[in-house]
Undergrad: 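If you scroll down you'll find the structure; I have some questions about it.
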Protein chains: 2
Amino acid sequence: MTFMNISDFLKALVPFTNDELDDILKHFKKEAVPKNQILVRQGEVSKTLYFIESGLGRSYYLNQAGKEITQWFFGSGKFMASADSFFQQCPSLYFIEVLEDTVIYSITKEKLDELFDTYPKMEKLGRLVTTEMLTKVVNKLNAIQFQTAKERYEYMLAEFPDIAYQVSLGHIASYLGMTQETLSRIRKSNSSK
Amino acid sequence: MTFMNISDFLKALVPFTNDELDDILKHFKKEAVPKNQILVRQGEVSKTLYFIESGLGRSYYLNQAGKEITQWFFGSGKFMASADSFFQQCPSLYFIEVLEDTVIYSITKEKLDELFDTYPKMEKLGRLVTTEMLTKVVNKLNAIQFQTAKERYEYMLAEFPDIAYQVSLGHIASYLGMTQETLSRIRKSNSSK
DNA sequence: CGCCGAGTTGAACTGAATCAAGAAACGTGG
DNA sequence: CCACGTTTCTTGATTCAGTTCAACTCGGCG
């Protein structure tokens, strides 16, 4: 199983001293979350940011028809949050759940804002993490907007190879903006080649 | 014409002192750019970030068929860049052009990074601007992924009402992931109601 | 006046959705 | 460890939103 230690992750992005790192990490709470547990519900205001040490999470919402639409997958070594709710403190459009047994570090928005005020380096970290996320979302947008269902699946294989095989067909299909049936046919036609 | 002064914009987000602001602004270069001028070309590595004081820009790329696909519009009071190229210093997938006579402030990546190092408040600014952009892109992604052509056009009217009427049909259609013909029919059916 | 780009309209076509039904895999309790 | 029920995946037939291709209109401008 993939595993990414939070302190290694932070150090890789910004050169924190060990003292800084200790102080920062003590604001995070480590937790083991069992498979299928829901961390954020639609309509709640989420005050928590999660870092995934190992395991896998996803955000999704319910469309008009009540169907779950996957919005994003979060693998190990990534920050996970209901982007709208956490950043803007509005009711979340999304659910966040864990798809397998997962180890997370969590921090509240208040504490994170404190850290931003105390450590300029944390601002840098925040900026870098957000920028990375922005480029990934832009990539997905381009894939969704201008590619056929088959090309979208290939984009997924390229960008998140691990996830494409760990996760149920239906979750992936809705993430890629197609039906489960379509994805099933695409997989079939790919495997016969 | 809409107009947004860069120093008002910066002060609104982060409480810079006047001295800080003066020092920061002297790294920006003010420029009047005539309609239709291209600022970044596909394949170039773009070292420049733009702030639009007045006017309008867009990013677009050429698809396999050689057709221009609008990726984003940038109105006054917004930062504009080839996101991939500027942040990751890779060859740009996109062109950036100005759709009308526009007044911009530009800054190079090196100078911006200097400012990030000198002023922690600039890191905060960077984080806030990136976060705002991220939420907008996520919104567009949801619109594109799960809505009909007609709903997408309504999303555009709601989110960028000014732009929807300033810009040519073809630019908007490709931005919304539909053909010009489809958008023309949607507009017709809306106006007859 | 005549050209040219932008927008409109029509008709045929198509990729993917929907609807429906069956097969396979999964997990839970006896 | 098997049996049964539930969920997940596959396959087929039909339908439809939106594309494609092609022709036409309109307004501006040299």
Side-chain angles (χ1 to χ4, degrees), chain A residues 34-38 56 58 60 62-70 73 95 97-101 140 142-157 163-193, chain B residues 34-36 38 56 58 60 62-70 73 97 99-100 140 142-157 163-193:
Chain A
K35 181 170 176 172
N36 294 328
Q37 185 162 316
I38 293 182
L56 182 61
R58 70 160 181 150
Y60 66 94
L62 301 175
N63 69 3
Q64 304 85 322
K67 242 186 64 183
E68 294 182 2
I69 306 289
T70 301
F73 294 107
F95 291 82
E97 72 172 4
V98 138
L99 295 173
E100 37 182 80
D101 293 349
K140 182 183 169 186
N142 289 330
I144 292 286
Q145 186 162 6
F146 302 111
Q147 301 189 330
T148 61
K150 184 167 187 168
E151 289 167 333
R152 263 144 45 209
Y153 180 59
E154 275 148 18
Y155 143 83
M156 168 109 196
L157 288 180
I163 291 173
Y165 294 109
Q166 273 175 63
V167 167
S168 82
L169 188 82
H171 290 353
I172 295 175
S174 73
Y175 175 77
L176 292 176
M178 64 185 76
T179 60
Q180 168 170 293
E181 292 93 327
T182 298
L183 181 54
S184 173
R185 288 183 242 264
I186 289 169
R187 279 198 170 159
K188 190 185 179 190
S189 80
N190 277 358
S191 65
S192 66
K193 275 192 311 201
Chain B
K35 183 171 175 171
N36 294 329
I38 292 183
L56 182 61
R58 71 158 181 152
Y60 66 94
L62 300 175
N63 69 2
Q64 304 85 323
K67 240 187 65 181
E68 295 181 2
I69 306 290
T70 301
F73 294 107
E97 74 173 3
L99 295 174
E100 38 183 80
K140 182 183 169 187
N142 289 330
I144 292 287
Q145 185 163 6
F146 301 112
Q147 302 190 331
T148 61
K150 184 167 185 168
E151 289 168 332
R152 264 146 43 210
Y153 181 58
E154 275 149 17
Y155 143 84
M156 167 107 197
L157 289 181
I163 291 174
Y165 295 110
Q166 273 176 62
V167 168
S168 82
L169 189 83
H171 290 352
I172 295 176
S174 72
Y175 174 77
L176 292 176
M178 64 185 77
T179 60
Q180 171 171 297
E181 291 93 328
T182 298
L183 181 55
S184 172
R185 287 184 245 262
I186 288 170
R187 279 196 169 163
K188 191 183 177 193
S189 80
N190 278 356
S191 66
S192 66
K193 277 192 309 197

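Letters A, B, ... are given to chains in the order of the sequence lines, protein chains preceding strands, and every chain is numbered from 1.
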Undergrad: Round to the nearest Å and state the distance from Leu176(B) atom CG to dA17(D) atom P.
TA: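 Result: 19 Å.
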
Undergrad: Could you check whether the side chain of Arg185(B) and the base of dG10(C) have a donor-acceptor pair of N or O atoms closer than 3.5 Å, going by distance alone?
TA: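 It does, because a donor-acceptor pair links the side chain of Arg185(B) to the base of dG10(C) below 3.5 Å.
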
Undergrad: Which is true for Ser168(A) with a 4.0 Å heavy-atom rule: it touches a base, it touches only sugar-phosphate, or it touches nothing?
TA: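 Touches sugar-phosphate only.
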
Undergrad: Hey, which of these two, Val167(B) or Lys35(A), hits DNA chain C nearer its 5' end, going by closest nucleotide?
TA: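 Closest to the 5' end, via its nearest nucleotide, is Val167(B).
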
Undergrad: Send over the distance from Gln147(B) CD to dG18(D) P, rounded to a whole Å.
TA: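 Atom CD in Gln147(B) sits about 11 Å away from atom P in dG18(D).
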
Undergrad: Does the side chain of Phe73(A) come within less than 4.5 Å of His171(A)'s, by heavy atoms?
TA: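 Heavy-atom side-chain distance check passes, below 4.5 Å.
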
Undergrad: Tell me, do Ile69(A) and Phe146(B) make a side-chain contact under 4.5 Å, heavy atoms counted?
TA: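 With C-beta onward as the side chain, the pair touches.
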
Undergrad: Can you tell me how far P of dT10(D) sits from CG of Asn190(A), to the nearest Å?
TA: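 Roughly 12 Å, once rounded to whole Å.
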
Undergrad: Could you give me the CA-CA distance, side-chain angles and deciding distance for Ile186(A) and Met178(A), then say whether side-chain contact (heavy atoms from CB on, under 4.5 Å) is met?
TA: CA-CA 11 Å; Ile186(A) 289 169; Met178(A) 64 185 76; 3.9 Å; yes

Undergrad: Nearest to the Glu181(B) side chain among dC21(D), dG27(C), dA17(C), which nucleotide is it?
TA: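 Nearest to the side-chain atoms of Glu181(B), counting from C-beta on, is dC21(D).
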
Undergrad: Where the side chain of Thr148(A) is defined as all heavy atoms beyond and including C-beta, which of dG18(D), dA16(C), dT18(C) is the nearest nucleotide?
TA: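 So the nucleotide nearest the side chain must be dA16(C).
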
Undergrad: Output the rounded distance in Å from CG (Leu183(A)) to P (dA17(C)).
TA: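 Distance, rounded to whole Å: 10 Å.
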
Undergrad: Considering only side-chain heavy atoms of Ala149(B), which listed nucleotide, dG7(C), dC19(C), dG18(D), is closest?
TA: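 Looking only at heavy atoms from C-beta outward on Ala149(B), the closest nucleotide is dG18(D).
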
Undergrad: To the nearest angstrom, how far is Lys67(B) atom NZ from dC21(D) atom C1'?
TA: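 Checked: the NZ to C1' distance equals 13 Å.
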
Undergrad: Go through it in stages, so that I can follow the logic: the residues are Lys140(A) and Tyr155(A), the test is side-chain contact (heavy atoms from CB on, under 4.5 Å), and I'd like the CA-CA distance, side-chain angles, deciding distance and then a yes or no.
TA: CA-CA 8 Å; Lys140(A) 182 183 169 186; Tyr155(A) 143 83; 3.2 Å; yes

Undergrad: Distance check needed: dG15(C) C1' versus Phe146(A) CZ, whole Å only.
TA: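 These atoms are roughly 17 Å apart.
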
Undergrad: Would you indicate, yes or no, if dT19(D) has its OP1 or OP2 atom less than 4.0 angstrom from a side-chain nitrogen or oxygen of Thr179(B)?
TA: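 Checking Thr179(B) against dT19(D): at least one side-chain N or O falls below 4.0 Å of OP1 or OP2.
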
Undergrad: Is the distance from OP1 or OP2 of dT11(D) to the nearest side-chain N or O of Lys188(A) less than 4.0 Å?
TA: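 For dT11(D), OP1/OP2 do have a side-chain N/O of Lys188(A) under 4.0 Å.
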
Undergrad: In whole Å, I'd like the distance from the CD atom of Glu151(B) to the P atom of dA17(D).
TA: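 One finds 12 Å between P of dA17(D) and CD of Glu151(B), rounded.
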
Undergrad: Between dG7(C), dT10(D), dA17(C), which one does the side chain of Leu169(B) approach most closely?
TA: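 Among the listed nucleotides, the one closest to the side chain of Leu169(B) is dG7(C).
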
Undergrad: Hey, does the side chain of Arg152(B) reach the backbone of Gln147(B) with a donor-acceptor pair shorter than 3.5 angstrom?
TA: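 A pair under 3.5 Å: yes.
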
Undergrad: Atom CD1 of Ile186(A) to atom P of dC9(D): distance rounded to whole Å?
TA: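 Interatomic distance, CD1 of Ile186(A) to P of dC9(D): 14 Å.
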
